[in-house]
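Read the structure below first, then the notes.
Counting convention: from 1, in listed order, for ligands and their atoms alike. Keep in mind it's a predicted model, so treat the numbers as computed, not measured.
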Amino acid sequence: MNKLAERDQAVIWHPFTQMQTAPLPVPIVRGAGSILYGADGREYLDMISSWWVNLHGHAHPYIAQRISEQLQTLEHVIFAGFTHQPAVELAERLLEILPRNQAKIFYSDNGSTAVEVALKMAFQYWHNLGQPRKKVVALENAYHGDTFGAMAVSGRSAFTAPFVPFLFDVEYLTVPTAGQEADVLKQAETLFTNDVAAFIVEPLVQGSGGMVMYEPAFLDELFQVARRHDSLIIADEVMTGFGRTGKLFAIDYLQAKPDLMCLSKGLTGGTMALGVTSCSQALYDAFLSDDKFKTLFHGHSFTANPLACTAALASMDLLLLPETQANIQRIAKRHTEFVHELTNYTIVANIRQRGTLLAFELNVGTQTSYFNDIRDTAYNFLMDCGILMRPLGNVLYLMPPYCTTDEQLTYVYKQVKALLTVI
Ligand SMILES: *Cc1c(COP(=O)(O)O)cnc(C)c1O
């Protein structure tokens with residue numbers, strides 16, 4: 001049974017994996033709903049939506065059908081000088097659900113490229129206006145992706161250490177979690193000056209940073225400070241987009257509207273790689289000119305791949321169904337009930353929830369980093385129960401696909417409670 005895993009080990013280098021010490025990877029042969037089926041006959045409930053991408057369950061028949069039809073019609077075409085129905089329709093439909101000030105859609109391949117594009121648009125916006133600005137403000141412990149620009153605007157950590165000399169400087173604001181607000185506002189008043197090109201944030205929930213959550217009203221205040229200095233605002237909704245927070249986008253909880261937005265992950269329902277950077281009319285207009293040098297010189301071979309755009313259209317059909325919206329609220333409500341139970345455990349600290357996202361910390365020992373032993377203990381315990389969760393250090397979190405049933409949730413909560421009593 002381990003044959004595939006061993007062949008894998010001979011030829012493959014996995015993401016975010018120390019290949020010397022990592023156990024053999026688990027071969028998965030198929031998926032359906034929230035369940036992944038292992039080659040050895042075991043089943044795993046995918047409670048992290050396969051790295052935050054899956055919305056409607058695995059191998060969804062409707063999405064599969066739509067991609068299959070598209071595949072037999074047009075698999076790909078160059079996107080400079082040419083266009084196609086799925087790209088146009090997806091842009092139109094995205095603009096219908098994004099904040100009203102978003103006016104144009106730029107396609108790329110993943111979350112990191114969506115961020116790269118947003119940064120390039122922001123820097124070149126100021127360049128094209130003839131008022132170059134260099135400074136970028138981000139939140140501490142932010143995560144915006146693994147390419148160089150995206151790494152630069154992310155927090156500095158063990159993950160970025162070897163690359164620090166190659167990353168451009170960014171000014172960091174403390175994350176405005178409960179109790180920090182007044183201090184952060186004070187910091188913001190000094191950090192934001194008239195040379196800030198852009199302020200980039202993961203609105204309301206910092207994902208990789210440990211599912212850290214903060215309040216919309218306060219982000220609105222920070223945006224106001226940024227606006228006073230004409231800083232552009234980039235909302236990185238690569239993780240929070242498409243219903244995770246209980247609304248279609250985290251930014252929907254705010255009054256303010258961003259100039260740029262980055263989308264990926266749930267965009268195709270977790271089926272195919274696709275990235276989107278959307279922007280306001282004013283940002284777009286700064287690139288219109290008789291001067292060719294004002295062009296945005298950016299593109300990828302697979303820009304607006306028709307199969308990926310079709311997957312996104314199919315996923316959007318499903319997402320907007322009243323049934324799916326009800327499922328999102330159902331999961332949010334079940335999580336809230338579970339939060340009440342969790343408060344009874346002394347080992348549990350900092351419980352937080354926003355919509356379908358639930359996170360808490362395990363209060364054990366002094367180690368609280370990503371490289372914590374607790375992480376492996378929890379991961380292995382849950383895998384043995386047939387539940388895929390990938391704690392971020394001592395932070396346990398749930399991010400289920402929206403099709404996850406009440407019965408499945410009940411099982412997961414029960415096993416998490418079992419973990420809390422043995423740890
Ligand atoms: C995952 C993530 C990214 C990077 O997306 P990739 O598709 O993995 O490159 C960027 N921003 C946020 C907020 C993310 O969670």
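Among the atoms of Ser112, some N or O lies under 3.5 angstrom from an N or O of ligand 1. Checked by distance only, ligand 1 and Asp236 come closer than 3.5 Å through their nitrogen or oxygen atoms. By the 3.5 Å distance cut-off applied to N or O atoms, Gly111 is counted among the residues near ligand 1.
Only the backbone of His144 comes within 4.0 Å of ligand 1, judged by heavy-atom distances.
Remark: the Tyr253 side chain and the Arg354 side chain contain no N/O donor-acceptor pair separated by less than 3.5 Å. Side chains of Ser49 and Arg244: a donor-acceptor N/O pair is present below 3.5 angstrom, by distance only. Using a 3.5 Å distance cut-off with no hydrogens or angles, the side chains of Asp8 and His14 do pair a donor with an acceptor. No donor-acceptor contact under 3.5 angstrom links the side chains of His56 and His58, judged on distance only. In summary, the side chains of Thr240 and Glu237 do present a donor paired with an acceptor at a separation below 3.5 Å, with no hydrogens or angles considered.
Of the protein's heavy atoms, Lys265 NZ, 2.7 Å lies nearest to atom 15 (O) of ligand 1.
The distance from ligand 1 to the heavy atoms of Trp52 drops below 4.0 Å at these ligand atoms: 15 (O). The Gly145 neighbourhood of ligand 1 comprises atoms 4 (C), 10 (C), with distances under 4.0 Å to a heavy atom of that residue. Of all the atoms in ligand 1, the ones that sit under 4.0 Å from a non-hydrogen atom of Met239 are 15 (O).
In terms of heavy-atom proximity, Val412 sits nearest to Ile387 at CA-CD1, 3.8 Å.
Every residue meeting the side chain to side chain contact (heavy atoms under 4.5 Å, CB included) condition with Glu337, not counting sequence neighbours, appears here in chain and number order: Lys333, Arg334.
Under the 4.0 Å distance rule, the nearest protein heavy atom to atom 7 (O) of ligand 1 falls inside the cut-off.
The closest approach between Trp51 and ligand 1 stays at or above 4.0 Å for every heavy atom of the residue.
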